[in-house]
Amino acid sequence: MDDRRFTPGDGAHGGPDAADWSADHFDTRAIHVGQEPDPVTGSVIPPIYQTSTYVQEAVGVHRGYEYSRTDNPTRTALHQVLASLEGGAWCLAYASGLAATQNLMMYLLRPGDHLLLSDDAYGGTYRLAAKVVANYGIDFDLVDMADLDAVRAALRPETKLVWVETPTNPYLKIVDIAGVAGVLADHPARLVVDNTFASPAVQRPLDHGADFVLHSTTKYLGGHSDVVGGAIVGNDDESLDILKFHQNAAGAVPGPFDCWLTLRGIKTLAVRMERHGANAMAVAEFLREHDAVDRVFYPGLADHPGHEVAARQMRGFSGMVSFTTRGGPDIAAEVAGRTRVFQLAESLGGVESLIEHPGRMTHASVAGTGAEVEDTLVRLSVGIEHVADLVEDLRQALAAVVPAGIRR
Ligand code: P1T
């Protein structure tokens with residue numbers, strides 16, 4: 001194994017290196033890759049290396065770690081497992097999903113380059129492109145990535161990065177990753193897929209031709225709403241060198257405890273995603289039959305426009321469901337405020353169910369732009385509670401706020 005790729009583990013981790021697990025199943029790798037028992041104490045769980053620096057035997061003679069901005073063994077373990085789960089050669093973990101996004105957009109692009117961004121994307125990703133990255137001479141356009149002809153038409157010679165989310169946030173649109181990769185086959189632009197809404201248990205973009213995978217590890221990977229983090233996974237050495245250099249030079253690193261929490265979350269990712277998906281399907285089916293609900297967005301529904309592509313490129317459909325309400329814009333915000341099991345909060349991907357109003361919360365920053373969302377939209381992050389409690393909670397919230405007489 002190339003030391004640079006997984007940053008040196010040396011004696012600090014010992015045991016079989018990450019590549020030794022490559023023949024095992026996803027669920028097994030999620031628990032073991034990079035997390036061999038500590039060779040000194042036998043500790044089953046990798047320690048939280050809460051240290052800023054490492055003693056050197058002589059000047060420049062060390063065990064692969066010099067300073068924790070550059071590398072930290074707990075972070076190395078996270079790099080190893082995430083690279084393995086996404087099927088990439090390397091991973092870099094960041095202090096947040098947006099820190100990872102900023103590093104990828106700004107350090108792989110140069111002034112004069114052009115970025116193509118999904119027209120339905122996390123509001124913060126749009127804000128970063130429009131209000132930060134654009135100030136450094138990197139122009140961007142929004143395009144519906146589900147429409148491959150539109151992607152082709154939007155490409156310019158100077159387009160260097162195409163940024164796809166799938167499923168998208170918050171409309172759960174499905175983008176055909178292999179289709180976009182095909183459009184880019186004769187073009188120098190590289191393809192990033194933000195895999196936050198699916199997680200590698202459900203979708204592995206590199207297998208479909210993406211060049212990079214981006215994660216807000218805050219979400220399904222962490223899985224417990226107790227940590228903020230991000231990651232980039234890729235294959236080519238040149239990009240790793242550029243990103244690694246800039247991360248060390250500019251410092252957007254996660255702390256060891258945050259890496260450890262994320263590692264702990266990843267161990268149960270596979271089983272959590274099964275329950276998230278089953279619960280989300282039941283919730284989507286309930287909403288579809290409800291008189292006060294206008295449209296339901298869930299790629300698991302057979303009549304979702306992206307269902308066929310989703311069934312092909314995903315394993316399950318993940319746990320995010322959005323819907324629009326009938327009866328005026330205030331209804332959506334009121335429903336979001338009336339649930340009891342679903343808690344009113346931004347973010348997603350934790351074991352607990354969350355509800356939010358994208359127009360006034362997660363996507364407020366795109367109001368008045370091409371990425372604006374409807375104010376009748378409600379977004380659910382369906383958790384792993386008992387499904388009957390989730391459905392009942394939505395039933396009572398809708399009944400409480402919907403004016404009598406709304407009928408399809
Ligand atoms: O919050 P942070 O870890 O910085 O990740 C940003 C991010 C990136 N990509 C996607 C698809 C995301 O959904 C997010 C963060 N999203 C929310 C906080 C939200 O509630 O949608």
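Start at 1 and go down the list; that is how both ligands and their atoms are numbered. Nothing here was measured: the structure is a model prediction, and the numbers come from that model.
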Under the salt bridge (charged side-chain N to carboxylate O under 4.0 Å, His left out) rule, collect the residues that match up with Asp27, sequence neighbours excluded.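 Residues passing salt bridge (charged side-chain N to carboxylate O under 4.0 Å, His left out) with Asp27: none at all.
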Could you tell me whether a side-chain N or O of Arg275 sits under 3.5 Å from a main-chain N or O of Ile384, the two making a donor and an acceptor?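 Checking the backbone N and O of Ile384 against the side chain of Arg275, a donor-acceptor pair under 3.5 Å is found.
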Could you state the interatomic distance from NE2 (His114) to CG (Leu109), rounded to the nearest 0.5 Å?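 Going from the NE2 atom of His114 to the CG atom of Leu109 covers 10.5 Å.
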Straight-line distance of His224 NE2 to Glu352 CD, nearest 0.5 Å: 8.5 Å
Does any donor atom in the side chain of Arg190 or Ser239 lie under 3.5 Å from an acceptor atom in the other side chain? yes
Using a 6.0 Å cut-off, check whether atom CD of Glu372 has over 12 heavy atoms from anything other than its own residue.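 Atom CD in Glu372 is packed in, count exceeds 12.
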For ligand 1, would you mind listing the residues that have at least one heavy atom less than 4.0 Å away, ordered by chain and number? Ser96, Gly97, Leu98, Tyr122, Glu165, Asn169, Asp194, Thr196, Phe197, Ser216, Thr218, Lys219, Gly229, Glu346, Ser347, Leu348, Thr362, Arg379
